[in-house]
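Presented below is the structure to which this report refers.
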Amino acid sequence: MGQVGSIREPKDRVVLAYSGGLDTSVAIKWLQENYDLEVIAVAVDVGQGGDLEAIKEKALKIGAVHSEMVDAKKAFAEKFIAPALKANALYEKKYPLATSLSRPLIAKILIEAAEGTGAVYAAHGCTGKGNDQVRFEVTMRALNPDITIIAPAREWDFTRESAIEYAQKHNIPISITKKSPYSIDENVWGKSIECGILEDPWIEPPADAFTLTVDPMQAPDEPTYVEIEFEQGVPIAVDGQKMNLLSLIEKVNQIAGSNGFGRIDKVENRLVGIKSREIYEAPAALTLIMAHRELEDMTLTRDLMHFKYAVEEKYADLIYDGLWFGPLRESLDAFINETQKVVNGTIRLKLYKGSCQVVGRKSPNSLYDRSLATYEADDTFSHKAAEGFNKIFGLSLETWGRKYRK
Ligand code: ARG
């Protein structure tokens with residue numbers, strides 16, 4: 001490698017999933033020094049906030065040969081969040097999978113960048129302890145089996161201090177803003193907050209852990225009512241105002257967050273065997289899943305709903321495990337999409353000081369029949385038929401009781 005006369009041998013290239021943070025910034029230099037590669041930095045906007053143009057520039061300043069910023073917010077909402085919402089996907093019944101869902105999309109964009117620039121390597125900034133390394137790598141290999149993956153943060157032995165030293169030695173700008181005491185990953189579907197004091201599962205999360213939700217005690221003294229309209233399982237309007245899914249999620253994040261709804265505190269089973277304490281903020285995700293479930297209660301038959309619960313758990317697990325680009329997800333999507341044809345209607349929610357409750361529902365596909373449900377005089381339910389139903393339904397237990405109960 002290196003110079004032959006004045007003709008420079010072309011170097012191999014690596015695409016790096018770049019966030020602008022300390023680790024991936026250090027990774028640019030580290031990949032050049034340790035692998036002698038040209039680095040192509042790719043920043044993906046999934047709604048994490050921050051100045052992404054500045055991040056793109058920063059990669060060039062550090063020494064990337066090329067830097068891209070891909071606005072993937074709309075694709076994230078429509079291609080990843082919408083299917084997850086139709087599946088009411090909650091990992092371990094609590095976590096709406098914001099971080100997990102973004103990884104296959106970022107990995108896909110990285111692979112596209114590699115293919116577009118002739119890079120044969122792809123790199124990410126994850127350590128060896130988390131789920132994200134698995135999601136990135138499983139996805140990239142599924143989409144391009146020939147890619148070689150490098151995980152600098154799994155190879156180097158920097159501490160935070162030595163990484164800062166390395167950065168200073170190589171003139172890598174470190175953001176002057178005070179570093180959060182937590183490890184954070186954020187996108188439009190929610191925010192994951194880890195590390196620092198949160199590693200003690202007995203300690204209540206300090207106020208500064210939260211940025212998307214107000215403290216419920218500080219929330220308005222009057223409730224906020226909000227109406228969410230769905231079409232085939234996807235929300236299409238808030239309070240009668242139609243909007244695209246991305247804008248709708250942003251709006252619901254704001255409404256629910258300002259009422260202090262959307263905080264999650266859980267101990268979670270990572271794929272790599274570790275239990276970790278996780279704090280999440282997911283105001284829109286929790287609100288929309290609650291509303292969506294409620295509409296399914298109105299429109300799906302009992303057997304279908306009960307069967308779908310099992311599918312939902314499987315779906316959440318496969319997102320968590322990084323198996324998005326696989327045949328199980330595609331097959332489950334086929335089933336779920338079939339179920340959603342009738343999931344049309346409007347759910348009315350009441351948000352108040354950290355709580356969210358369904359207080360009304362209506363649907364053109366409602367299976368709720370008041371004349372069957374009522375206890376008033378216009379009841380159409382056959383009480384006579386119920387007598388025979390009970391007799392037959394209870395027959396096996398009656399037989400058992402006759403034999404064994406004294
Ligand atoms: N435990 C969550 C998950 O596995 C959140 C991970 C947060 N990632 C991060 N790099 N801080 O999806």
Side-chain angles (χ1 to χ4, degrees), residues 19-20 43-55 69-90 95-106 109 184-193 209-216 218-220 223-264 279-293 295 319 346-352 354-356:
S19 72
V44 181
D45 184 1
V46 283
Q48 62 269 50
D51 184 348
L52 281 120
E53 277 304 320
I55 287 171
M69 198 277 283
V70 180
D71 182 351
K73 295 196 291 292
K74 209 159 167 285
F76 185 45
E78 284 162 15
K79 302 254 167 61
F80 291 79
I81 294 174
L85 173 57
K86 290 188 228 178
N88 299 315
L90 291 172
Y95 163 42
L97 296 154
T99 296
S100 328
L101 271 173
S102 71
R103 298 323 190 196
L105 175 57
I106 295 169
I109 290 168
I184 284 164
D185 181 70
E186 184 174 347
N187 63 53
V188 65
W189 200 230
K191 180 172 178 181
S192 307
I193 310 136
F210 301 104
T211 59
L212 305 179
T213 53
V214 304
D215 181 338
Q218 245 86 80
T224 304
Y225 288 87
V226 61
E227 292 182 11
I228 316 277
E229 185 184 347
F230 290 82
E231 204 174 271
Q232 303 207 1
V234 179
I236 54 157
V238 175
D239 291 331
Q241 197 192 336
K242 288 225 166 31
M243 57 191 88
N244 68 45
L245 184 58
L246 174 63
S247 310
L248 188 144
I249 294 166
E250 287 168 346
K251 185 164 181 82
V252 176
N253 265 331
Q254 199 280 319
I255 298 171
S258 65
N259 280 283
F261 178 69
R263 297 182 174 187
I264 300 154
I279 303 299
Y280 299 109
E281 289 182 288
L286 292 187
T287 304
L288 293 172
I289 290 171
M290 183 187 290
H292 178 258
R293 256 190 210 291
L295 191 55
I319 295 171
T346 303
I347 299 296
R348 195 151 62 97
L349 301 157
K350 179 181 181 177
L351 290 144
Y352 179 63
S355 77
C356 178

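Remember, predicted model here, so these are calculated numbers, not experimental data.
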Heavy-atom side-chain proximity of [X] to [Y] below 4.5 angstrom:
{"X": "I279", "Y": "R263", "answer": "no"}
{"X": "L245", "Y": "P235", "answer": "yes"}
{"X": "E229", "Y": "K242", "answer": "yes"}
{"X": "I264", "Y": "L286", "answer": "yes"}

With [X], the side-chain contact (heavy atoms from CB on, under 4.5 Å) member among [options]:
{"X": "V46", "options": "L105, V188, T99", "result": "L105"}
{"X": "E227", "options": "I347, L349, V238, T346", "result": "T346"}
{"X": "L85", "options": "L288, I249, V234", "result": "L288"}

Is there a side-chain contact (heavy atoms from CB on, under 4.5 Å) between S102 and F80? Walk through the geometry before answering. CA-CA 8 Å; S102 71; F80 291 79; over 6 Å; no

In terms of ring plane angle, is the pair F230 and H292 parallel, tilted or perpendicular, where the classes change at 30° and 60°? tilted

Roughly how far, to the nearest 0.5 Å, is [atom2] of [Y] from [atom1] of [X]?
{"X": "K73", "Y": "L246", "atom1": "NZ", "atom2": "CG", "result": "6.5 Å"}
{"X": "D51", "Y": "E53", "atom1": "CG", "atom2": "CD", "result": "7.5 Å"}
{"X": "I255", "Y": "F261", "atom1": "CD1", "atom2": "CZ", "result": "13.0 Å"}
{"X": "S192", "Y": "E186", "atom1": "OG", "atom2": "CD", "result": "9.5 Å"}
{"X": "L90", "Y": "I289", "atom1": "CG", "atom2": "CD1", "result": "4.0 Å"}
{"X": "T211", "Y": "I193", "atom1": "OG1", "atom2": "CD1", "result": "6.5 Å"}

Sequence neighbours excluded, the answer for side chain to side chain contact (heavy atoms under 4.5 Å, CB included) partners of A84 is A89, L101, I319

By the side-chain hydrogen bond (donor to acceptor under 3.5 Å, both in side chains) test, which pairs, at least two apart or in different chains, include something from residues 245-254? N244-S247

Closest non-hydrogen atom pair between [X] and [Y], with its separation:
{"X": "A98", "Y": "N187", "answer": "O-ND2, 2.9 Å"}
{"X": "P83", "Y": "E78", "answer": "CD-O, 3.8 Å"}
{"X": "A282", "Y": "W189", "answer": "CB-O, 3.8 Å"}
{"X": "P283", "Y": "A256", "answer": "CB-CB, 3.7 Å"}
{"X": "S100", "Y": "Y95", "answer": "OG-OH, 3.2 Å"}
{"X": "I55", "Y": "S19", "answer": "CD1-O, 3.4 Å"}

Just by distance, do the side chain of D239 and the backbone of Q241 share a donor-acceptor pair under 3.5 Å? no

Donor-acceptor under 3.5 Å (E281 side chain, T213 main chain): yes

Picking from K191, R103, Q48, what satisfies side chain to side chain donor-acceptor pair (under 3.5 Å) with D185? R103

